[in-house]
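It should be emphasised that the depicted structure is a prediction, and the values quoted were computed from it without experimental measurement.
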Amino acid sequence: MGIIRSGFSFITGTLFGIYVAQNYNLPNISNLANTGLVIFKLMEESYRKPKKSDSNED
């Protein structure tokens, strides 16, 4: 019974996703993900601790 129930949920979700993608203007997920990665990379670089110098200048 579990395979039929999970298969039904998967097929229903797939069909609903196809319907929504064809009838509504949805944003491109890969562009949103790339934009988010760029923003997080910039935030990391701005808040990163400065690197220690390799020379021992005591």
Side-chain angles (χ1 to χ4, degrees):
M1 193 71 173
I3 293 174
I4 295 171
R5 187 175 295 170
S6 64
F8 177 74
S9 298
F10 179 75
I11 291 170
T12 305
T14 302
L15 293 175
F16 181 72
I18 291 170
Y19 172 78
V20 169
Q22 289 179 352
N23 293 314
Y24 295 97
N25 187 13
L26 299 175
N28 190 348
I29 299 299
S30 64
N31 287 344
L32 289 175
N34 287 337
T35 303
L37 287 174
V38 168
I39 290 172
F40 289 134
K41 185 176 179 181
L42 290 173
M43 285 176 55
E44 178 194 6
E45 290 174 355
S46 65
Y47 289 109
R48 184 182 298 163
K49 291 182 180 178
K51 292 183 179 181
K52 294 181 180 180
S53 62
D54 291 334
S55 63
N56 292 330
E57 299 177 10
D58 291 333

Practice task
If you link ILVMFWY side chains whenever their heavy atoms are less than 4.5 Å apart, which other residues fall into the same cluster as Tyr24? By chain and number, please.
Solution key: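 Under the 4.5 Å side-chain rule, Tyr24 groups with Phe16, Tyr19, Val20, Leu26.
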Handout entry: Whichever hydrophobic residues join Leu42 through chains of side-chain contacts under 4.5 Å
Key = Val38
Practice task
Sequence neighbours left out, what passes side-chain hydrogen bond (donor to acceptor under 3.5 Å, both in side chains) with Ser9? Give chain and number order.
Solution key: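 Residues passing side-chain hydrogen bond (donor to acceptor under 3.5 Å, both in side chains) with Ser9: none at all.
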Exercise for the section: Could you walk me through whether Met43 and Ile39 pass the side-chain contact (heavy atoms from CB on, under 4.5 Å) test, one step at a time? Expected result: CA-CA 6 Å; Met43 285 176 55; Ile39 290 172; 4.1 Å; yes
Handout entry: Rounded distance [0.5 Å steps], CD in Glu44 versus NZ in Lys41
Key =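 It comes to 8.5 Å.
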